[in-house]
Amino acid sequence: MCWLIVCSVFVVLPAPISWGQSSKEVTAAVQPFVDRNELAGAVMLVADRNEIRMEDAVGWANIADKQPMRTDSMFWIASQSKPMTAAALMMLVDEGKVSLDDPVEKYLPEFQGQMVVVEKDEEHVLLHRPVHPITVRNVLSHTSGLPFRSALEVPTLDRYPLEARVRSYAMTPLEFSPDSKYQYSNAGINTAARIIEVVSGQPYETFMDERLLKPLGMKDTTFWPTETQEKRIATSYRPNAAKEGLEAIKIDQLSYPLSDREHRRPMPAGGLFSTASDVARFYQMLLRGGELDGKRYLTEQAVKELTSRQTPETLNNSYGLGFAVGANHFGHAGAYSTNTIAEKKQGLIYVWLVQHAGFPGQGGQSQGEFRKAAANVFAPATN
């Protein structure tokens, strides 16, 4: 902490945190992608269960304006919202108010009688009853047969109330029988969020704020960035027409202005904006078995359910409840190339925040170079 004395008045100024040589080694691995105009910019964070080991920014939040990327830059984390929604529902499981193996229709009666497509062509659709109704576990692990989204969510995902969107899923036939396949589904995670509303008696976004985000100190994590926060959101980019540089774009899955609470609705499967330090807080809580700073959010059993494989071994995809999982890691990526991975063996969290709908040249390799460099610095014994 630095103290600046002005006219006998003490003013507290935040001191810039210096991560030293370790941070320089990591940023040096990513800087060449910025220099070649293959990556606009990135915020990189490495943490363990107890503290942030490094946090640094490289490149530009806005190239045209020469606005540098900052460690407090905000990003649309998109599907990184899924684990947070799943964790919120697991709070109700811990309280005995929801069971993972209950049919969804127990909480949402509109799902009663849902059918599954067994044949389909231009002339006909044949429907049968599924082997069993979809369960809470199914919707959290992408094995329900629900589509990615419904026709109600075109062109954007955030225009209608959650209740209406979930009702539209119930009116849509399942695309396969539950547990027989894996199919990535925003609709499934949104359905889980609607269960939160019905069981808790609170709007989903209120439950998230009061039970998870604010208690964890995730002060910048929101579905509706304020006008002040919007100025900190990194510009989104994609490869230009020649595939040799970058062009700025808007997020086509969301409606604008982003701060509009009247017309924009929360999207549990992918609507959150956040910062690297906020995301790290969430993952630290999980690596600590559901507790952080002396407050327990989830039981150790709930964390195990979230971060362990739930998809049948007969399927190629290894997914937990709201998390992509492996034998020793769990995490999630987002549509615009953000990603967070927690390594159980290393006890480390790697947060990579960018805003890219694709990369020119070798830009797609930048995240891997960050991970490799960070692991060499912070977990050399395991590499």
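- Of the candidates L140, L92, V136, I195 forms a side-chain contact (heavy atoms from CB on, under 4.5 Å) with just one, namely V136.
- Taking the salt bridge (charged side-chain N to carboxylate O under 4.0 Å, His left out) definition, one finds that D220 meets it with R232, sequence neighbours left out.
- Side-chain atoms of S177 never come within 3.5 Å of backbone atoms of S180 as a donor-acceptor pair (strictly under, hydrogens ignored).
- Between R159 and E153 there is no salt bridge, since no side-chain N of the basic residue sits under 4.0 Å from a carboxylate O of the acidic one.
- In terms of the salt bridge (charged side-chain N to carboxylate O under 4.0 Å, His left out) criterion, R165 has no residue partners (sequence neighbours excluded).
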Give every donor-acceptor pair under 3.5 Å between a side-chain atom in residues 123-131 and any protein atom, sequence neighbours left out.
residue	atom	partner	partner atom	Å
H124	ND1	D121	OD1	3.0
H124	ND1	D121	OD2	3.3
H124	NE2	E119	OE1	3.1

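- Counting only residues at least two apart or in different chains, ring-ring contact (aromatic ring centres under 6.0 Å, His included) contacts with residues 213-270 comprise Y204-F223.
- Partners of V303 under the side-chain contact (heavy atoms from CB on, under 4.5 Å) rule, at least two apart in sequence or in another chain, are L286, L298, T307.
- Shown here is E227, whose CD atom has no more than 12 heavy atoms of other residues, nucleotides or ligands within 6.0 Å.
- Identified under the side chain to side chain donor-acceptor pair (under 3.5 Å) test for residues 106-116, with sequence neighbours left out: D102-K106, D102-Y107.
- Ion pairing between a basic and an acidic side chain is recognised when a charged N comes within 4.0 Å of a carboxylate O; R371 and E343 show such pairing.
- Residues in residues 162-200 take part in these ring-ring contact (aromatic ring centres under 6.0 Å, His included) pairs, two or more places apart or across chains: H142-Y182, H142-Y184, Y182-Y319.
- Under the side-chain contact (heavy atoms from CB on, under 4.5 Å) criterion, S236 pairs with I249, I251, Y336, Q355, sequence neighbours left out.
- R309 meets the salt bridge (charged side-chain N to carboxylate O under 4.0 Å, His left out) test with E313; sequence neighbours excluded.
- Evaluation of the salt bridge (charged side-chain N to carboxylate O under 4.0 Å, His left out) test over residues 251-278, restricted to residues two or more places apart or in two chains, returns D158-R264.
- Looking at R296, its side chain does come within 3.5 Å of a backbone N or O of G289 through a donor-acceptor pair.
- For E305 and Q310, the side-chain atoms include at least one donor-acceptor pair closer than 3.5 Å.
- Atom-to-atom distance recorded for H332:NE2 and K82:NZ is 5.5 Å, nearest 0.5 angstrom.
- With sequence neighbours excluded, the residues forming a side-chain contact (heavy atoms from CB on, under 4.5 Å) with P68 are W60, listed by chain and number.
- Partners of E175 by side-chain hydrogen bond (donor to acceptor under 3.5 Å, both in side chains), not counting sequence neighbours, listed by chain and number: Q183.
- A cation-pi arrangement, defined by a distance under 6.0 Å to the six-membered ring centre and an angle within 45 degrees of its axis, is present between K295 and Y297.
- Between the side chain of H329 and the main chain of K345, no donor-acceptor pair closer than 3.5 Å is present.
- More than 12 heavy atoms of other residues, nucleotides or ligands lie within 6.0 Å of CE in M115, so this atom counts as buried by the packing criterion.
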